[in-house]
A.B. asks: 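Can you keep this structure in mind? I'll have questions shortly.
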Amino acid sequence: MERSRPLARRPLVTLLTAAALAASGLTALTSAARAADADLARNGGFETALDGWTCTAGAIVTSPVHSGTSALKATPAGADNARCAQTVSVKPDSQYTLSGYVQGAYVYLGASGTGTTDVSSWTQSAPGWQQLTTTFRTGPSTTEVTVFTHGWYGTGAYHADDITLTGPGGGTSQPPAPPGGLTAGSATSSSIALSWSPVPGATGYAVYRDGARVRTVTGTSTTVTGLSPATAYAFQIAAVNGAGESARSATVTATTAQRPDGGGSSDLPAHALVGYLHASFANGSGYTRMADVPDSWDVIDLAFGEPTSVTSGDIRFERCPVAECPNVESDAEFKAAIKAKQAAGKKVLISIGGQNGQVQLTTAAARDTFVSSVSAIIDEYGLDGLDIDFEGHSLSLDADDTDFKNPTTPVVVNLVSAVKTLKAKYGDAFALTMAPETFFVQLGYQYYGTGQWGGQDPRAGAYLPVIHALRDDLTLLHVQDYNSGPIMGLDNQYHSMGGADFHIAMTDMLLTGFPVAGDADNVFPPLRADQIAIGMPASVNAGNGHVSPAEVTKTLNCLTKKTDCGSYATHGTWPDLRGLMTWSINWDRFSDWEFQKNFDAYFG
């Protein structure tokens, strides 16, 4: 966007603890003691599916495997690090060695509940099978420990195989009884609360939805999220201890609520109008007070929060000074107007970046500062969420970062991690939107990063790993279909700004999905229609690529009704397309609300 026209998690390094064994301690073991040691891990090779393991996001795969025919694949998502664990019976005051083979970025193997010092071993990057090993000694009264493996937030799937826990075996035990008293509580359009009675001897509980395990918890209640509106779900609970899992409880069926006003995530209306409000500066469009924004605008993005330096991660939001904006309201009036908009069902977000706000989260420290500083802005003004408008050189890919599904570039990985932390902090109601330029998204159909032989612009397609990693948390993606060069569409023809054709082709790519850098085996999956708003300039003054209201209507007709499509053949029809985004509310006011009036006339 142009002005001229426009709970932090522990750093990964703190989780690595070196464990040294005294050689004398090993050589002093007698043959009898060694003979007493055994592999206590159950199904450590994952040859019998997930038997013995409790996983939040695990699945069995037949390739790659370290040995045998199966291995574990687990994929972190949202606030979940894809932990797989099992509880093992052990002897007090005894020595144990935990070992396993892993693949992926940031994979952990560890033990908890040891009664002494809990341990873990990890690898930052394992492109092939890598062995992780750690040791621990149990406490004087410890009879059970939990061994686990997990990944890290925003770093893609990991694999594990051949996990062993070697040491003296503990006493035998039986799986617990099945839980009783399962009850469904409050339900929203995307979540259902569950509770049940405690089971003696249980160390945890597995939650099943429609026959599939979806999570494990240690308490006797949980809220299952990520559900579809007005949909019935069947739930069961199983109790877990070191000997295994109980039979499942009786089934309870519950139905989610209807989506408010027919809208999607964050309770937006079925068709939404999104606009940026020049809140920290003035230009030729003039300053618009928050209270003067018409009710037609469903999402208002405050432009902009900017960093104190490119790599600091320290985001500040400064309201427009009186010298620049003579009609600017006071802070108290501004906050009161935000509350009034929210009371009317509108969303007000802080937009980070813009043309001048280059943000590069190159370090874990910058990531954590980003989280704390953005949280401070959201809390001070009572905002509904975050818009990511990274432009220029904020995002680019390292030369060896070639897989958008498993990014390794720090500025990408840290951004994903920061946003997931914010989402986890504020919950399901947190609205997340993004406004990338076509260069960072649709150009990825042809070029991704520096390319197979190097030499390409490392920024090409650099938003794709961010969008993909956050797609389950994403409220709206509104790519800036303006200030853009020609972009190749799925018809392998170049499309240029100036008419409905450009918007149709660019939006069809998002709703259909596309091979990244032409690789048919590496496809960027389509987004839902309710996650897409088309970004357009509000007027000829706002940016290159402005189209008339008639061309806007043609665009909407083609994508939602498959009429007025012109020469580009879309791959579907999407009546649930969320709506339109524009730069900006100020420029639309300058042009007598032409953009807003056309939206209102089309959607009613």
Side-chain angles (χ1 to χ4, degrees), residues 1-2 353-355 358-360 388-409 411-412 415-416 434-471 474 477-527 531-537 543-545 555 568 570-571 581 583:
M1 311 293 185
E2 297 184 58
Q355 181 187 35
Q358 304 292 297
V359 181
Q360 296 175 0
I388 302 172
D389 183 15
F390 284 14
E391 301 181 13
H393 290 270
S394 291
L395 291 179
S396 61
L397 298 167
D398 290 347
D400 59 350
D401 193 348
T402 58
D403 182 3
F404 76 90
K405 296 178 182 177
N406 298 285
T408 58
T409 305
V411 295
V412 172
L415 175 60
V416 170
M434 300 183 195
E437 297 165 297
T438 56
F439 189 93
F440 295 92
V441 184
Q442 287 93 337
L443 186 67
Y445 177 52
Q446 282 186 282
Y447 308 106
Y448 187 72
T450 58
Q452 184 176 358
W453 295 282
Q456 295 174 187
D457 192 321
R459 299 173 297 165
Y463 241 99
L464 293 179
V466 178
I467 298 169
H468 184 69
L470 296 169
R471 61 173 57 237
L474 183 63
L477 176 70
H478 30 66
V479 176
Q480 301 177 36
D481 285 358
Y482 46 91
N483 298 333
S484 170
I487 302 291
M488 181 179 286
L490 295 179
D491 57 356
N492 291 326
Q493 302 297 312
Y494 283 97
H495 298 268
S496 300
M497 299 183 301
D501 173 85
F502 185 72
H503 298 294
I504 293 167
M506 295 301 99
T507 306
D508 180 67
M509 295 178 75
L510 302 176
L511 295 169
T512 303
F514 55 87
V516 176
D519 184 354
D521 295 326
N522 194 30
V523 175
F524 179 79
L527 292 162
Q531 291 179 297
I532 301 297
I534 307 171
M536 302 178 173
N544 294 320
T555 300
Y568 184 88
T570 63
H571 293 76
M581 174 275 280
W583 177 262

A.B. asks: So does M506 get a backbone contact from the side chain of D481, meaning a donor-acceptor N/O pair under 3.5 Å?
C.D. replies: no
A.B. asks: For L464 and G444, which heavy atoms make the closest approach, and how far apart are they?
C.D. replies: CD1-CA, 4.1 Å
A.B. asks: Please, which pairs that meet ring pair (Phe, Tyr, Trp, His ring centres under 6.0 Å) have at least one residue in residues 434-454, sequence neighbours excluded?
C.D. replies: none
A.B. asks: Would you give the length of the straight line joining atom CG of L474 to atom CE of M434, rounded to the nearest 0.5 angstrom?
C.D. replies: 5.0 Å
A.B. asks: How close do V441 and F514 get, heavy atom to heavy atom, and via which atoms?
C.D. replies: O-CZ, 3.8 Å
A.B. asks: Please examine the side chains of E437 and V479, heavy atoms only from C-beta on, and report whether any two atoms are closer than 4.5 Å.
C.D. replies: no
A.B. asks: Given the rule in the side chain to side chain contact (heavy atoms under 4.5 Å, CB included) test, do M488 and Q493 qualify, once you have shown the distances and angles that lead to the verdict?
C.D. replies: CA-CA 5 Å; M488 181 179 286; Q493 302 297 312; over 6 Å; no
A.B. asks: Determine whether a donor-acceptor pair (N or O, by modelled atom type, separation under 3.5 Å) exists between the side chain of R459 and the backbone of L395.
C.D. replies: no
A.B. asks: How many angstroms lie between atom CG of N492 and atom CG of L490, to the nearest 0.5 angstrom?
C.D. replies: 8.0 Å
A.B. asks: Is there a donor-acceptor contact under 3.5 Å from the side chain of N483 to the main chain of N544?
C.D. replies: yes
A.B. asks: So, using side chain to side chain donor-acceptor pair (under 3.5 Å) as the criterion, who are the partners of S394 when residues are at least two apart?
C.D. replies: none
A.B. asks: Without hydrogens or angle criteria, can the side chains of Q446 and Y494 be said to hold a donor-acceptor pair below 3.5 Å?
C.D. replies: yes
A.B. asks: Would you compute the distance between atom CG of L527 and atom CG of L510 and round it to the nearest 0.5 angstrom?
C.D. replies: 6.5 Å
A.B. asks: For P465 and L397, which heavy atoms make the closest approach, and how far apart are they?
C.D. replies: CG-CD2, 4.3 Å
A.B. asks: Distance-only, no hydrogens or angles: does the Q456 side chain make a donor-acceptor pair with backbone N or O of G449 under 3.5 Å?
C.D. replies: yes
A.B. asks: Just by distance, do the side chain of D398 and the backbone of D400 share a donor-acceptor pair under 3.5 Å?
C.D. replies: no
A.B. asks: Determine whether a donor-acceptor pair (N or O, by modelled atom type, separation under 3.5 Å) exists between the side chain of R471 and the backbone of V466.
C.D. replies: no
A.B. asks: How long is the straight-line distance from CG of L477 back to CD1 of I532, given to the nearest 0.5 Å?
C.D. replies: 4.5 Å
A.B. asks: Taking all heavy atoms of F404 and all of N522, pick out the closest pair and write down the distance.
C.D. replies: CE2-OD1, 3.3 Å
A.B. asks: Classify the side-chain pair Q480/D389 by whether it contains a donor and acceptor separated by less than 3.5 Å.
C.D. replies: yes
A.B. asks: Return the minimal non-hydrogen interatomic distance between H393 and Q358, and the atom names on each side.
C.D. replies: N-OE1, 2.6 Å
A.B. asks: Whether the side chain of Q442 engages the backbone of T507 through a donor-acceptor N/O pair (distance < 3.5 Å, no angle test) should be reported.
C.D. replies: no
A.B. asks: For the backbone of A435 and the side chain of Y463, can you confirm whether one donor and one acceptor N or O come within less than 3.5 Å of each other?
C.D. replies: no
A.B. asks: Distance check, rounded to the nearest 0.5 Å: L470 atom CG versus L415 atom CG?
C.D. replies: 7.0 Å
A.B. asks: Closest heavy-atom contact between T402 and A399?
C.D. replies: CG2-O, 4.2 Å
A.B. asks: Rounded to the nearest 0.5 Å, how far apart are CE of M536 and CE of M581?
C.D. replies: 10.0 Å
A.B. asks: For a quick check under 3.5 Å, do Y568 and D491 share a side-chain donor-acceptor pair by atom type?
C.D. replies: no
A.B. asks: Do you see a donor-acceptor pair shorter than 3.5 Å between the side chains of D401 and T409?
C.D. replies: yes
A.B. asks: Evaluate the criterion ring pair (Phe, Tyr, Trp, His ring centres under 6.0 Å) for residue pair F502 and H495; output intermediate values, then yes/no.
C.D. replies: CA-CA 5 Å; F502 185 72; H495 298 268; 7.7 Å; no
